Peer 1: 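What follows is a single structure, and I will ask about it in a moment.
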Amino acid sequence: MALLSNLAIDLAILFYTTRIAMENVGLDVTRAAFLLGNDEMICFPVRARMGARLMSYNFPACFLLPFLCEALFTVIVPYHIYKKVVGTQPISQRAADAFLLPPLFEMGRYADVVLNMTQATISLCFSAGYVLPTLVGMFIGHTLVYAWDHYRVLRHVRKFRFTSFRTEKAAQRMLALPGASLLASAMLQLFQVGAVTPSTEAVAAIVMIGAAIAHIALHLLVLQYVVPWVGATEHTAATQTYEQVAKMNPGNWFNMNPIHCLRSRYVHQHDPPCIFYQIGKEHLLEPNAKLGLFYSAPEWKNEAPSTYLELARLARRSLARGTLVADSGMLPQGARDEELQREQICAVPEEAVEDGSMAEAHRTGPQGQSAGSKAVEKPRKSVVTFASDEHDADQD
């Protein structure tokens with residue numbers, strides 16, 4: 001409603017300033033002449049000037065620049081500032097996580113899109129020569145919005161919050177506004193061409209406003225009664241068990257309750273206890289079927305190498321494998337088997353080399369492990385503590 005009120009005020013100012021500019025060149029512009037189209041010598045220049053100024057107001061001022069500023073000043077600049085703070089200031093781990101934690105996804109994009117559509121349909125009230133540039137500008141702006149939201153969802157959004165269909169239903173109701181402005185624009189064009197001839201400007205305004213209100217009422221009635229009746233479906237019971245779902249979703253009723261996690265660790269002495277779930281710390285969760293905890297992230301790398309190093313390792317292994325395949329036809333069978341075995345050793349992940357299991361395999365040989373060489377036990381994951389920031393800093 002704030003955006004629509006701002007749009008109405010801007011349009012009123014736009015019409016007033018255009019009227020003053022036309023009067024300076026000797027044209028007596030009135031609301032009756034604009035609505036009824038009685039004098040084409042006055043009506044056409046006003047509609048052309050209004051169309052040109054509205055197009056400049058729409059693009060890039062409304063369809064492009066706000067979204068560029070949104071991406072720059074709400075995500076990119078704060079992220080780099082917080083990154084510099086974390087990299088240069090002595091702060092605790094918890095404070096660093098809070099600085100770099102992405103925000104929630106806000107649902108204000110519905111209002112942005114609906115408002116842009118409303119402004120594009122209002123341009124149909126004026127000169128038709130500016131309608132196509134307006135629609136092209138809206139297409140460019142919405143393409144940027146789609147690309148930015150796609151990137152933001154994957155890289156700069158912590159989570160979504162969908163507790164009901166209220167936001168979706170509100171967006172469907174808001175779509176009545178572009179249709180209402182489109183119908184009002186159609187009525188104004190009918191006045192201009194003489195298909196409908198209202199007697200006064202008051203009657204013309206009442207007809208336009210009444211058509212817009214009638215469209216909004218019909219739109220809301222269809223959404224309220226027709227859409228639920230047409231889209232009614234029977235409820236289908238879920239076939240997955242709790243265990244199957246809990247293995248895919250880290251958060252559940254137990255590990256998102258901090259009091260339950262404290263009771264599990266310090267009162268019941270569970271082993272492993274119910275670890276408090278925090279976004280970005282999923283690799284610390286440990287499964288315990290007795291407590292209803294089934295999620296585990298065994299492949300999580302707490303300190304993954306940079307993308308450049310990963311690509312360099314991939315290229316080096318691919319080059320070595322390609323060279324081996326090319327030269328394997330020229331080697332004897334024994335040398336070929338030796339090269340294949342060496343390739344398998346080179347393909348062992350870095351984790352196996354770091355924990356010593358690869359060296360143990362070399363000592364035991366291909367026939368089997370020795371009696372004293374057992375597999376290295378996987379270290380237990382760290383347990384999230386509930387200490388204060390100062391205690392975390394001291395431990396760091």
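Values in this document were obtained by computation on a predicted structure and should not be read as measured data.
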Peer 1: Rounded to the nearest 0.5 Å, what separates atom OG in S127 from atom CE in M55?
Peer 2: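 Output value for this atom pair is 10.5 Å.
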Peer 1: Are I91 and F99 packed together at the side-chain level, in the sense that at least one heavy-atom pair is separated by less than 4.5 angstrom?
Peer 2: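 Side chain of I91 against side chain of F99, heavy atoms only: contact under 4.5 Å found.
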Peer 1: Passes salt bridge (charged side-chain N to carboxylate O under 4.0 Å, His left out), E106 versus R152? Steps please.
Peer 2: CA-CA 11 Å; E106 46 86 19; R152 182 173 59 141; 3.6 Å; yes
Peer 1: So which heavy atom on R158 is nearest to which on P102, and how close?
Peer 2: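 It is NH1-O, 2.5 Å.
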Peer 1: What class does the angle between the rings of H270 and H268 fall in, given that below 30° is parallel, 30 to 60° is tilted and above 60° is perpendicular?
Peer 2: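 Rings of H270 and H268: parallel, under 30°.
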Peer 1: Counting only pairs under 3.5 Å, give me each side-chain donor-acceptor contact of residues 136-143, with atom names and distances, residues two or more places apart or in other chains.
Peer 2:
residue, atom, partner, partner atom, Å
H142, NE2, N116, ND2, 3.2
T143, OG1, F139, O, 2.7

Peer 1: Indicate yes or no: at least one non-hydrogen side-chain atom of R173 is less than 4.5 angstrom from one of L223.
Peer 2: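 Yes; the side chains approach each other to less than 4.5 Å.
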Peer 1: Mind running side chain to side chain contact (heavy atoms under 4.5 Å, CB included) on L175 and M117 for me, showing each step along the way?
Peer 2: CA-CA 9 Å; L175 286 175; M117 294 172 62; 4.2 Å; yes
Peer 1: Any side-chain heavy-atom pair from R49 and R19 closer than 4.5 angstrom?
Peer 2: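 Side chain of R49 against side chain of R19, heavy atoms only: no contact under 4.5 Å found.
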Peer 1: Given 3.5 Å as the limit, does a donor-acceptor pair link the side chain of N249 with the main chain of G251, or not?
Peer 2: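 No, the answer is negative, given that no donor and acceptor are paired below the 3.5 Å cut-off.
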Peer 1: Below 3.5 Å, can you tabulate the donor-acceptor pairs from side chains in residues 192-201 to any protein atom, sequence neighbours excluded?
Peer 2:
residue, atom, partner, partner atom, Å
Q192, NE2, F34, O, 2.7
T200, OG1, V203, N, 3.4

Peer 1: Using a 3.5 Å distance criterion without hydrogens, assess whether the side chain of N252 forms a donor-acceptor pair with backbone atoms of N255.
Peer 2: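 Yes, because the side chain of N252 sits within donor-acceptor range (under 3.5 Å) of the backbone of N255.
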Peer 1: Hey, could you give me the CG/OG1 distance between N58 and T118, rounded to the nearest 0.5 Å?
Peer 2: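 So the gap between those two atoms works out to 10.5 Å.
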Peer 1: Can any side-chain N or O of Q269 pair as donor or acceptor with the backbone N or O of Y266 at less than 3.5 Å?
Peer 2: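 Checking the backbone N and O of Y266 against the side chain of Q269, a donor-acceptor pair under 3.5 Å is found.
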Peer 1: What's the shortest heavy-atom distance between C261 and C274, and which atoms?
Peer 2: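 What the structure gives for the nearest pair is CB-O, 3.3 Å.
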Peer 1: Got K83 and V86 here, is their nearest side-chain heavy-atom distance under 4.5 Å?
Peer 2: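 Of all side-chain heavy-atom pairs linking V86 with K83, none is under 4.5 Å.
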Peer 1: Output, in order, the C-alpha distance, side-chain angles, deciding distance and verdict of side chain to side chain contact (heavy atoms under 4.5 Å, CB included) for Q224 and K169.
Peer 2: CA-CA 10 Å; Q224 184 68 26; K169 291 180 179 179; over 6 Å; no
Peer 1: Specify the closest pair of heavy atoms between S264 and P273, including all atoms of both residues, with the distance to one decimal.
Peer 2: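 So the minimum-distance heavy-atom pair works out to OG-CA, 3.6 Å.
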Peer 1: Shortest non-hydrogen contact from R47 to F126?
Peer 2: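 For R47 versus F126, the nearest heavy atoms are O-CB, 3.4 Å.
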Peer 1: Got a sec, which hydrophobics cluster with Y16, joining ILVMFWY side chains under 4.5 Å apart, including via others?
Peer 2: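 In the cluster with Y16 are I20.
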Peer 1: Count the heavy atoms of every other residue, nucleotide or ligand shown that sit under 6.0 Å from OH of Y82, and state whether that count exceeds 12.
Peer 2: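 Count not over threshold, so no.
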Peer 1: Can you tell which of L132, T134, L135 makes a side chain to side chain contact (heavy atoms under 4.5 Å, CB included) with S123?
Peer 2: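 Testing S123 for a side chain to side chain contact (heavy atoms under 4.5 Å, CB included) against L132, T134, L135 leaves exactly one candidate, T134.
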Peer 1: Would you say L124 and L183 are hydrophobically clustered, going by side-chain heavy atoms of ILVMFWY under 4.5 Å?
Peer 2: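 No, because L124 and L183 fall into different hydrophobic clusters, even though each may have its own neighbours under 4.5 Å.
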Peer 1: For Q244, which residues count as a side-chain hydrogen bond (donor to acceptor under 3.5 Å, both in side chains) partner, sequence neighbours excluded?
Peer 2: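 Partners of Q244 by the side-chain hydrogen bond (donor to acceptor under 3.5 Å, both in side chains) criterion come out as none, since no residue qualifies.
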Peer 1: R109: which residues meet the side-chain hydrogen bond (donor to acceptor under 3.5 Å, both in side chains) condition with it, sequence neighbours left out?
Peer 2: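 If we apply the side-chain hydrogen bond (donor to acceptor under 3.5 Å, both in side chains) test to R109, skipping adjacent residues, the hits are E70, D112, D149.
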Peer 1: Supply the atom-to-atom distance L54 CG to C125 SG, rounded to the nearest 0.5 angstrom.
Peer 2: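 The CG atom of L54 sits 9.0 Å away from the SG atom of C125.
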Peer 1: Judged by atom type as modelled, is there a donor-acceptor pair below 3.5 Å linking the side chain of E243 to the main-chain atoms of T241?
Peer 2: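 No.
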Peer 1: When hydrophobic residues are tied together by side-chain contacts of less than 4.5 Å, even through go-betweens, does I209 share a cluster with I216?
Peer 2: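 No, I209 does not connect to I216 through the hydrophobic network.
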Peer 1: Might you point out which heavy atoms bring Q172 and H219 nearest each other, and give the distance in Å?
Peer 2: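 Distance-wise, the nearest heavy atoms are O-NE2, 2.9 Å.
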Peer 1: With sequence neighbours left out, what residues match Y57 under side-chain hydrogen bond (donor to acceptor under 3.5 Å, both in side chains)?
Peer 2: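 D10.
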Peer 1: Quick check, are the ring centers of H260 and F276 under 6.0 angstrom apart?
Peer 2: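 Here the rings of F276 and H260 have centres that are no less than 6.0 Å from each other.
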Peer 1: Report yes if some heavy atom in the side chain of Y277 is under 4.5 Å from a heavy atom in the side chain of L284; otherwise report no.
Peer 2: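 Heavy-atom side-chain distance check fails, nothing below 4.5 Å.
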Peer 1: I need the E286 CD to I275 CD1 distance, nearest 0.5 Å.
Peer 2: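 Here the interatomic distance stands at 4.5 Å.
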Peer 1: Are L11 and L3 connected into the same hydrophobic cluster when the rule is that any two of I, L, V, M, F, W, Y join if their side-chain heavy atoms are below 4.5 Å apart?
Peer 2: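 As far as the 4.5 Å side-chain criterion goes, L11 and L3 are connected within one cluster.
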Peer 1: Using ring-ring contact (aromatic ring centres under 6.0 Å, His included) as the criterion, list what pairs up with F191, not counting sequence neighbours.
Peer 2: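 With neighbours one apart ignored, the set is empty.
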Peer 1: Which ring-ring contact (aromatic ring centres under 6.0 Å, His included) pairs, counting each pair once, include a residue from residues 222-250, with sequence neighbours left out?
Peer 2: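 Residue pairs passing ring-ring contact (aromatic ring centres under 6.0 Å, His included), neighbours aside: none found.
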Peer 1: Going by side-chain heavy atoms closer than 4.5 Å, which hydrophobic residues are tied to I206, directly or by a chain of links?
Peer 2: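 I206 clusters with nothing; isolated.
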Peer 1: With a 4.5 Å heavy-atom cut-off, do L144 and L68 have their side chains touching?
Peer 2: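 When only atoms from C-beta onward are counted, L68 and L144 do touch, with a gap below 4.5 Å.
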Peer 1: Who else is in the cluster with F67 when I, L, V, M, F, W and Y are joined by side-chain contacts under 4.5 Å?
Peer 2: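 Hydrophobic cluster check, F67: joined to V145.
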Peer 1: So if you build clusters from Ile, Leu, Val, Met, Phe, Trp, Tyr with side-chain heavy-atom gaps below 4.5 Å, do I122 and M208 land together?
Peer 2: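 Result: yes, single cluster for both.
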Peer 1: So do P178 and V114 actually touch side chain to side chain, heavy atoms under 4.5 Å?
Peer 2: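 A side-chain contact under 4.5 Å exists here.
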Peer 1: Taking ILVMFWY side chains as joined if any heavy atoms are under 4.5 angstrom apart, and letting links pass through other members, which residues group with F160?
Peer 2: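 Noted: F160 shares its cluster with F105, M107, Y110, V153, V157, F162.
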Peer 1: Tell me the closest heavy-atom pair linking M174 and A111, and the distance in Å.
Peer 2: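 That would be CE-CA, 3.5 Å.
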Peer 1: State, without any angle test, whether T17 and R53 hold a side-chain donor-acceptor pair at a distance under 3.5 Å.
Peer 2: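 Side-chain D/A pair, T17 to R53: present.
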Peer 1: Heavy-atom distance under 4.5 Å between the side chains of L293 and L285, does that happen here?
Peer 2: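 With C-beta onward as the side chain, the pair stays apart.
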Peer 1: In this structure, would F15 and L4 fall into the same cluster of hydrophobic residues linked by side-chain contacts under 4.5 Å?
Peer 2: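 Cluster IDs for F15 and L4 match.
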Peer 1: Which label fits F59 and F63: parallel for a plane angle under 30°, tilted from 30 to 60°, or perpendicular past 60°?
Peer 2: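 Ring orientation of F59 relative to F63: tilted.
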Peer 1: Suppose we screen for side-chain hydrogen bond (donor to acceptor under 3.5 Å, both in side chains). Which residues come up paired with S181, at least two apart in sequence or across chains?
Peer 2: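 side-chain hydrogen bond (donor to acceptor under 3.5 Å, both in side chains) list for S181, sorted by chain: T121.
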